[in-house]
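Data first, discussion second: the structure below is written as structure tokens.
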Amino acid sequence: MRFDNYRFAPEVKNNLQLLGFRKPTDIQYKSIPPIMKGEDVLAIAQTGTGKTAAFAIPIINMIHVEKSETRNDGVKCLIIAPTHELVIQINSVVLSIAKGTLVRTMAIYGGVEQDPQINQLEHGVDIVVATPGRMFDLISQGYLKINKVRILVLDEADHMLQLGFLNDIMFLVKKLPNYRQTLFFSATINEEIKELAYNIVKNAIRIQISPKDPVSKNITHSVAHIKMDDKRFFLERIINEHPESKILVFVRTKVRAERVKLAMERVGITTETIHSSKEQDIRYRVMSQFREGIIKVLIATDVSARGIDIADVDYVINYDLPDIAENYVHRVGRTGRGIKKGIAVSFCSEEERPMLEEIEAFMDKKIAIADIEKEEYVQTLVLSQDAVSDWKTLLKEDEKLENPSKQKKKIKPKKKK
């Protein structure tokens with residue numbers, strides 16, 4: 001079935017055509033009809049399968065048609081997502097599908113001044129895409145009124161639970177009108193997710209697009225056994241061997257992100273970092289530059305993994321294995337999106353072997369091993385341009401990361417010979 005065959009408003013159909021939406025993905029095909037009928041939906045699907053459009057398309061169409069027939073002010077749909085980046089991404093999709101319709105949408109998230117968001121709310125919006133923190137701030141201040149919300153969407157619900165938003169979500173649900181439609185989207189399902197879902201949905205249509213392998217078939221992923229202190233040399237080699245590729249590197253902590261960035265600067269490789277300690281405007285700028293290809297290498301923590309929906313990420317490098325096994329799926333799912341092919345490589349040190357076992361147990365399968373011959377391993381270390389490897393220099397770098405206010409000068413990347 002093609003999108004042309006759906007009974008959408010002409011404005012929506014035109015936008016879908018301009019965006020290159022020809023045929024719905026599996027999750028879209030199964031979700032759109034029940035959403036259009038006003039039914040609650042509990043949907044589980046892999047990352048990169050088009051979940052956002054699965055709920056955005058029917059919601060926009062319904063609100064547009066309703067506003068064409070009758071005037072009805074107030075926020076009609078509330079979409080909640082766990083991170084700033086994901087909220088911005090969802091709102092971008094909604095804006096593109098709603099262009100030229102009567103639907104007004106906005107994003108609400110912290111880390112930026114709230115006055116512009118308040119001003120936009122006062123001028124009237126139909127769809128609000130929000131992170132829980134800033135959303136509750138504006139509700140408590142009386143600027144965000146939810147008494148007319150008829151559609152509640154929880155996106156990446158599993159991640160919201162990981163971040164401790166369960167009580168907040170349950171509190172919100174009690175404040176919303178009893179008669180509403182609830183759409184619950186998640187990439188993974190477990191007992192805690194089920195309990196939350198069945199507490200807020202009513203007679204939901206359950207949709208599960210989850211093949212035996214939770215990693216998309218478009219992604220070739222493997223694990224390389226590398227000593228912790230040698231990881232930077234192998235990252236340097238991968239980047240240098242693929243200079244035109246867009247590479248997303250995942251690390252475990254914010255300090256690790258900055259440390260890897262410094263290591264790459266020492267060998268003349270330009271990178272950027274994104275994590276929760278960065279100001280929101282900086283995070284937005286970095287994401288935009290990575291999306292546009294101005295930045296080729298982005299180093300991120302897990303808090304940003306769910307919000308990075310960027311076309312043409314060629315490689316995902318798990319510089320550190322994730323602490324939570326299911327985050328492996330979300331990380332590698334940043335490449336191989338849609339019909340694109342992608343490659344993911346994980347660096348596993350001896351200390352991380354228990355994490356690797358947990359990941360493989362979660363996926364119920366072994367991850368292919370990228371064998372590295374001893375000669376190749378040694379050659380990677382020898383050919384590195386990193387001439388600064390003594391412990392005193394590394395200790396000074398750690399001090400700068402822990403006390404950024406004491407850092408007087410930025411380290412400039414060395415020019416390649």
Side-chain angles (χ1 to χ4, degrees), residues 35 41 51-56 58-60 62-63 73-98 103-177 180-187 196-197 200-201 276 279-281 283-284 287 303-309:
I35 293 176
V41 169
K51 293 199 300 293
T52 301
F55 60 77
I59 289 172
I60 291 166
M62 289 189 294
I63 294 176
D73 294 327
V75 177
K76 302 165 188 62
C77 174
L78 185 58
I79 302 172
I80 309 175
T83 67
H84 300 180
E85 286 73 27
L86 188 54
V87 163
I88 293 170
Q89 175 63 36
I90 293 171
N91 192 56
S92 174
V93 173
V94 174
L95 281 170
S96 63
I97 297 172
V103 180
R104 295 165 295 178
T105 180
M106 70 171 294
I108 288 177
Y109 48 88
V112 296
E113 292 293 329
Q114 69 172 22
D115 288 347
Q117 296 175 354
I118 292 171
N119 184 58
Q120 194 170 352
L121 283 170
E122 290 177 341
H123 279 80
V125 293
D126 303 297
I127 299 175
V128 169
V129 189
T131 54
R134 177 56 62 85
M135 177 190 68
F136 282 113
D137 286 345
L138 296 181
I139 289 175
S140 64
Q141 295 174 54
Y143 294 114
L144 175 56
K145 296 176 174 59
I146 58 175
N147 60 307
K148 294 184 179 180
V149 170
R150 293 185 293 99
I151 306 172
L152 171 66
V153 183
L154 297 181
D155 193 24
E156 301 285 11
D158 52 343
H159 193 37
M160 278 195 275
L161 290 188
Q162 288 177 16
L163 296 176
F165 289 128
L166 174 60
N167 291 334
D168 292 330
I169 292 170
M170 296 309 299
F171 176 79
L172 172 70
V173 168
K174 292 176 182 178
K175 296 290 184 181
L176 291 171
R180 68 174 187 278
Q181 182 178 15
T182 303
L183 311 177
F184 192 102
F185 282 75
S186 185
L196 171 62
I200 63 175
V201 297
S276 58
E279 294 291 335
Q280 183 56 43
D281 59 339
R283 289 162 68 174
Y284 183 79
M287 285 291 291
V303 74
S304 304
R306 304 293 184 100
I308 303 176
D309 187 2

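Quick note: numbers below take in every heavy atom, side chains included, and nothing from hydrogens, waters or symmetry partners. This is a predicted model, so every value here is computed, not measured.
The distance from atom SG of C77 to atom CD1 of I151, rounded to the nearest 0.5 Å, is 5.0 Å. Separating the CG atom in D137 from the OH atom in Y143 is a distance of 12.0 Å, to the nearest 0.5 Å. Note that CG of L78 and CE of M135 are 5.5 Å apart. Values are rounded to the nearest 0.5 Å. For the atom pair OG1 (T83) and CD (Q89), the distance works out to 10.0 Å, reported to the nearest 0.5 Å. Note: R104 CZ to L95 CG = 13.0 Å, rounded to the nearest 0.5 Å. Atom CG in L152 sits 8.0 Å away from atom CG in L183 (nearest 0.5 Å).
Using modelled atom types, one side-chain atom of K76 and one backbone atom of G74 make a donor-acceptor pair closer than 3.5 Å. No donor-acceptor distance shorter than 3.5 angstrom exists from the side chain of R134 to the backbone of T131, with no hydrogens or angles considered. Remark: side-chain polar atoms of S140 are paired, donor with acceptor, to backbone N or O of F136 under 3.5 angstrom.
Contact annotation: the side chain of K51 approaches that of E156 to within less than 4.5 Å [non-hydrogen atoms, C-beta and beyond]. The closest side-chain heavy-atom distance from I169 to P132 is not below 4.5 Å. Contact check for D126 versus T105: no side-chain heavy atoms found under the 4.5 Å cut-off. Side-chain contact check for I60 versus V94: some heavy-atom pair is nearer than 4.5 Å. Considering only heavy atoms from C-beta on, Q117 comes within 4.5 Å of V112 through its side chain. Residues I63 and I59 have side chains in contact (heavy-atom distance under 4.5 Å, counting atoms from C-beta outward). In this structure the side chain of L138 reaches within 4.5 angstrom of the side chain of I108, judged on heavy atoms. A heavy-atom distance below 4.5 Å is found between the side chains of M62 and Q181.
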Going through the checks in order, is the side chain to side chain contact (heavy atoms under 4.5 Å, CB included) test met by M106 and V128?
-> CA-CA 5 Å; M106 70 171 294; V128 169; 4.2 Å; yes

Could you go step by step and tell me if L172 and I146 meet the side chain to side chain contact (heavy atoms under 4.5 Å, CB included) rule?
-> CA-CA 9 Å; L172 172 70; I146 58 175; 3.7 Å; yes

Side chain to side chain contact (heavy atoms under 4.5 Å, CB included) between R180 and V173: does it pass, once the steps are laid out?
-> CA-CA 10 Å; R180 68 174 187 278; V173 168; 3.1 Å; yes

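Contact between F184 and I200 at its shortest, heavy atoms only, is CD1-CD1, 3.7 Å.
In the displayed structure, Y284 atom OH is contacted under 6.0 Å by at most 12 heavy atoms of other residues, nucleotides or ligands. Other residues, nucleotides and ligands place no more than 12 heavy atoms under 6.0 Å from the CD atom of E113.
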